[in-house]
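Reviewing the structure listed below.
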Amino acid sequence: MTEAVIRVEGLGKSYQTAAGEFPALRGVNLRVDGGEYLAIMGPSGSGKSTFMNLLGCLDRPSSGAYFLAGANVAEMDRDALARLRNHTLGFVFQGFNLLPRMSLQDNVALPLVYAGVDKASRRARARRLLERVGLGQYADSLPNRISGGQQQRVAIARALVNQPKVLLLDEPLSNLDARLRLQTREEIRRIQKETGITTVFVTHDQEEAMSISDEIVVMKLGVEQQ
Ligand code: ADP
């Protein structure tokens, strides 16, 4: 069997609180193969964000193992972890976090500036990604010229511009109104199919999870229940 893109074994995370140690994740097991689209669903407080922070290498587990693209995350020092994060992962959060005075194209190209890519290639790659999310004609516009749903698609283009192996989406639709939510989730599904990128999508909305993903993991009290 080929190596999974994401493999999690007995992953646990406890927080120190005034009342003692609080186990937010209690031994989660998960495998995500290349090109799969997985939704993680659960009510507020079930450990979704805690789990996403671990998957995104933004925090370290208290127990268990996490292999990302074959690399054992627990064995990496801070610099190696930052490199892995920058090369392997694309993030999209609830807020779009676009810079208001920069054109959409420059917003999308931003990760490439940090990666030291030359200007002409940055422009070409950012434009290609904007076309991929259906917004090529707005490349030179500022973020306030487009809708919230379109801004979220720009954030997805920005997350993909570095050609990550995994796309992590943390409640990306919850700042949108009902109509845009439906539209944008269809768009996300289309973009995921076209790019074939391995995707993990977090939501508290059951209908959203069922309509968009290949597979759903339900979280409850820090444990996954298939
Ligand atoms: P979800 O994203 O599903 O709402 P979280 O991962 O944010 O769940 O939280 C899971 C549990 O862990 C909750 O009970 C929350 O109060 C607790 N928790 C989260 N972060 C911390 C923290 N930094 N310190 C203490 N407890 C935390």
Side-chain angles (χ1 to χ4, degrees), residues 1-18 20-38 40 42 46-97 99 107-118 121-122 125-126 129 155-172 195-202 217 219 222-224:
M1 195 155 44
T2 53
E3 176 66 53
V5 176
I6 288 173
R7 185 154 59 87
V8 162
E9 285 168 4
L11 204 67
K13 177 74 187 176
S14 293
Y15 294 110
Q16 297 301 332
T17 69
E21 205 165 90
F22 177 79
L25 283 188
R26 313 159 189 239
V28 175
N29 297 298
L30 185 70
R31 178 191 166 100
V32 189
D33 290 321
E36 237 183 313
Y37 194 151
L38 177 86
I40 295 176
S46 60
K48 302 186 300 298
S49 299
T50 299
F51 188 47
M52 254 338 222
N53 286 340
L54 295 180
L55 287 184
C57 303
L58 299 167
D59 202 359
R60 286 180 179 278
S62 314
S63 57
Y66 173 26
F67 295 88
L68 174 60
N72 186 346
V73 171
E75 284 176 356
M76 298 183 131
D77 63 23
R78 258 178 50 168
D79 290 346
L81 208 56
R83 270 198 305 279
L84 180 71
R85 194 163 57 223
N86 292 336
H87 288 125
T88 312
L89 300 170
F91 293 94
V92 178
F93 300 106
Q94 196 171 324
F96 326 128
N97 303 324
L99 297 177
N107 265 287
V108 172
L110 213 52
L112 301 175
V113 175
Y114 302 133
V117 175
D118 69 84
S121 314
R122 288 202 305 263
R125 276 164 70 177
L129 261 301
I156 293 167
R158 183 182 52 192
L160 292 174
V161 80
N162 246 343
Q163 298 175 297
K165 290 196 172 72
V166 177
L167 183 61
L168 298 176
L169 302 158
D170 195 352
E171 303 253 6
T195 55
I197 188 166
T198 308
T199 302
V200 180
F201 179 99
V202 169
V217 166
M219 302 277 296
V223 183
E224 94 283 4

Smallest separation among heavy atoms of Glu3 and Gly70, with atom names
CG-CA, 4.1 Å

Is there a side-chain contact (heavy atoms from CB on, under 4.5 Å) between Val113 and Val117 once you walk through the steps?
CA-CA 6 Å; Val113 175; Val117 175; over 6 Å; no

Check the side chains of Tyr37 and Thr198 for a donor-acceptor pair under 3.5 angstrom, ignoring hydrogens and angles.
no

Taking the side chain as C-beta and beyond, is there a heavy-atom pair between Val92 and Leu168 under 4.5 Å?
no

Mind checking the CG-CG spacing from Asn107 to Asn97? Nearest 0.5 Å is all I need.
10.0 Å

Should Phe96 and Pro172 count as side-chain neighbours, where that means a heavy-atom distance under 4.5 Å?
no

Check the pair Leu169 / Phe93 against side-chain contact (heavy atoms from CB on, under 4.5 Å), numbers first and verdict last.
CA-CA 6 Å; Leu169 302 158; Phe93 300 106; over 6 Å; no

Over all atoms of both residues, closest heavy-atom pair of Cys57 and Leu89
SG-CD1, 4.3 Å

Is there a side-chain contact (heavy atoms from CB on, under 4.5 Å) between Arg83 and Asn86? Walk through the geometry before answering.
CA-CA 5 Å; Arg83 270 198 305 279; Asn86 292 336; 5.9 Å; no

By the side chain to side chain donor-acceptor pair (under 3.5 Å) test, which pairs, at least two apart or in different chains, include something from residues 158-171?
Glu171-His204

Looking only at atom types and distance, does a side-chain atom of Thr50 sit under 3.5 Å from a main-chain N or O of Ala24, one as donor and one as acceptor?
no

Are Phe91 and Arg85 close enough that some pair of their side-chain heavy atoms sits under 4.5 Å apart?
yes

Any donor-acceptor pair under 3.5 Å linking the side chain of Asn53 with the backbone of Leu58?
no

Write down the atom of Arg125, the atom of Val161, and the distance for their closest heavy-atom approach.
NH2-O, 3.0 Å

Considering non-hydrogen atoms only, spot the tightest contact between Glu21 and Pro23 and give its length.
O-CD, 3.7 Å

Using side-chain heavy atoms (C-beta onward) and a distance below 4.5 Å, is Leu55 in contact with Val8?
yes

Heavy-atom check, side chain of Phe51 versus side chain of Ile40, under 4.5 Å
yes

Closest heavy-atom contact between Ala71 and Leu84?
CB-CD1, 4.3 Å

Backbone N or O of Asp33 within a donor-acceptor pair of the Glu36 side chain at under 3.5 Å?
yes

Assess the side chains of Ser121 and Asp118: does a donor N or O sit below 3.5 Å from an acceptor N or O?
yes

With a 4.5 Å cut-off on side-chain heavy atoms, are Phe22 and Ser14 touching?
no

Taken to the nearest 0.5 Å, the spacing of Met76 CE from Leu68 CG works out to 8.0 Å

Residues two or more places apart in sequence or in another chain: which of them pass side-chain hydrogen bond (donor to acceptor under 3.5 Å, both in side chains) with Asp59?
Lys13

Check: Glu9 and Val28 side chains under 4.5 Å, non-hydrogen atoms
no

If you apply the rule side-chain contact (heavy atoms from CB on, under 4.5 Å), what do you find for Val32 with Thr199, and how did you get there?
CA-CA 9 Å; Val32 189; Thr199 302; over 6 Å; no

Check Met52 against Val200 and note the closest heavy-atom contact, atom names and distance.
CE-O, 3.7 Å

Quick one, Val166 and Ile6 - any side-chain contact, counting heavy atoms below 4.5 Å?
yes

If you round to the nearest 0.5 Å, how far is CZ of Arg31 from CZ of Phe67?
12.0 Å

Roughly how far apart are Arg26 CZ and Ser62 OG, rounded to 0.5 Å?
12.5 Å

Taking atom CE of Met219 and atom CG of Leu25, what is their separation to the nearest 0.5 Å?
5.0 Å

CG-CG distance between Leu11 and Leu30, expressed to the nearest 0.5 angstrom:
9.5 Å

